[in-house]
Amino acid sequence: MSRFAISEVAFDIAPLREQLLGHDAGAYASFEGWVRNQNEGRAVQGLFYESYRALAETEGQAIVNEALQRFAITRAACVHRTGELALGDLAVWVGVSAGHRGPAFEACRWIIDEVKSRVPIWKHERYAQGSSTWLHPDP
Amino acid sequence: MSRFAISEVAFDIAPLREQLLGHDAGAYASFEGWVRNQNEGRAVQGLFYESYRALAETEGQAIVNEALQRFAITRAACVHRTGELALGDLAVWVGVSAGHRGPAFEACRWIIDEVKSRVPIWKHERYAQGSSTWLHPDP
Amino acid sequence: MSVTVLYFASLRDAAGVDRERLPLPASLDALYAELSSRHGFSLPAAKLRVAVDGAFARWDSPLHDGCEIAFIPPVSGG
Amino acid sequence: MSVTVLYFASLRDAAGVDRERLPLPASLDALYAELSSRHGFSLPAAKLRVAVDGAFARWDSPLHDGCEIAFIPPVSGG
């Protein structure tokens with residue numbers, strides 16, 4: 001299994017988590033991003049994620065590999081959805097296993113932060129008022 | 001569902017996570033503690049968790065309630081196993097949902113730290129060398 | 001007038017029982033001192049917490065007939 | 001001698017296509033300036049990253065015949 005993947009369809013977390021299990025790991029931290037019904041005060045109806053897939057997978061893989069160097073962790077993985085998502089849908093998942101909980105939490109947080117800042121994926125939000133927009137936040 | 005539970009048998013995370021989902025939450029952080037094959041340099045074969053169940057449930061519930069006050073989170077829950085556990089078995093699970101990832105991570109970490117320091121649960125480890133001991137760490 | 005004392009983890013192993021009924025003691029300190037000497041508990045009271053009737057309590061809490069007392073060794077969940 | 005330019009997100013909406021083939025430009029700066037004026041891109045180059053042949057690149061990277069160029073608007077995954 002690749003340590004970072006883009007998924008164009010809804011994906012199941014259980015088998016991804018399973019790959020991180022191991023008798024050498026005592027701690028597992030995970031993060032999930034779900035589609036929320038509002039963003040910065042605007043009511044959201046749904047959204048669309050687009051990626052530059054080849055580069056997103058290269059960059060995401062680089063992030064997870066870097067996490068494995070920077071933190072005392074055992075395994076790590078991340079999957080990001082693209083395409084149409086409804087409220088409550090899973091947008092991104094990060095899982096990290098480690099000997100101890102400190103590095104598991106720190107690496108999990110670091111990976112999602114890096115993914116959000118570096119991986120070429122863009123969110124297009126549709127609002128209840130009928131408008132929609134691409135989100136291009138200031139870095 | 002109670003926000004903190006002691007489980008004498010293996011439990012399934014999926015329905016617990018499900019209870020934390022909601023369209024108002026964009027972030028979910030979780031922690032799992034698994035039985036590791038070593039502790040402080042000694043090879044572990046298995047372990048047993050004992051609790052003072054009534055007090056453990058009261059104290060665990062107080063911790064989760066306190067997290068809901070201290071952090072900008074939506075929902076939170078924790079389940080801790082007791083009884084015989086084998087290597088790789090799930091010992092404890094914490095899940096937190098929130099509007100944003102910062103509070104989700106912080107509350108999840110805080111809850112597991114508090115559970116480890118305050119909830120009356122004791123670990124009895126069996127070592128490969130044949131000995132076994134109760135763990136009563138210095139606070 | 002009596003109390004019930006609950007034992008957990010290494011205290012239970014040392015006591016050989018998980019609970020016992022005892023005459024109402026003068027104080028929690030006095031009770032733990034007596035039990036330590038009788039059962040050979042190696043943990044000093046300073047390392048323990050104490051619970052009365054299912055809630056954490058102070059070591060100087062008053063005791064009453066029929067109350068349930070638990071000495072809580074350092075915990076190791078998680 | 002030509003290059004392929006890929007458009008994503010708001011740049012794709014503005015360009016009206018997701019890619020186009022163009023003559024080999026003198027530089028990435030010059031190319032983005034020309035495309036901005038032609039397609040009315042509102043994002044200044046300073047806010048973008050650029051990729052050449054599927055890898056992030058510097059704005060002064062040399063270009064070659066047949067290369068694939070992508071201008072990367074600020075990302076919003078997660």
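Just so it is clear, the values below take in all heavy atoms, side chains as well, and ignore hydrogens, waters and symmetry mates. In the text below, chain A, chain B and the rest are named by the order of the sequence lines, each starting its count at 1.
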So which of [options] has the largest heavy-atom pair count under 4.5 angstrom toward chain A?
{"options": "B/Gly102, B/Gly33, B/Gly95, B/Gly26", "value": "B/Gly26"}
{"options": "B/Ala104, B/Ala25, B/Ala29, B/Ala91", "value": "B/Ala25"}
{"options": "B/Val35, B/Ile13, B/Leu87", "value": "B/Leu87"}

| query | Is it true that atom CD of B/Gln129 has more than 12 heavy atoms of other residues, nucleotides or ligands lying nearer than 6.0 Å? | reply |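 More than 12 within 6.0 Å, yes.
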Validation row: [X], [Y] side chains within 4.5 angstrom (heavy atoms):
{"X": "B/His100", "Y": "A/Arg36", "result": "yes"}
{"X": "A/Asp24", "Y": "B/Gln38", "result": "no"}
{"X": "A/Arg101", "Y": "B/Ile112", "result": "yes"}

| Between atom SG of A/Cys108 and atom CZ of B/Arg109, what is the distance when rounded to the nearest 0.5 Å? |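 A/Cys108 SG to B/Arg109 CZ: 12.5 Å, rounded to 0.5 Å.
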| field | Inter-residue atom distance B/Ser97.OG - A/Glu32.CD, 0.5 Å rounding | value |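 Reported to 0.5 Å precision, the distance equals 10.5 Å.
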| message | Only pairs of heavy atoms separated by less than 4.5 Å count here; which of A/Ser30, A/Gly88, A/Gly99 has the most with chain B? | response |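 That would be A/Ser30.
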| message | Taking side chain as everything from C-beta outward and backbone as N, CA, C, O, which of these in B/Asp113 sits under 4.5 Å from a heavy atom of chain A? Side chain, backbone, both or neither. | response |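 For B/Asp113, heavy atoms of backbone and side chain both lie under 4.5 Å from chain A.
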| field | Nearest atoms (heavy-atom pairs only) where A/Trp34 meets B/Leu21 | value |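 Distance-wise, the nearest heavy atoms are CZ2-CD2, 3.0 Å.
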| Would A/Phe105 and B/Phe31 count as a close aromatic pair, with their ring centres under 6.0 Å? |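 When the ring centroids of A/Phe105 and B/Phe31 are compared, they turn out to be within the sub-6.0 Å range.
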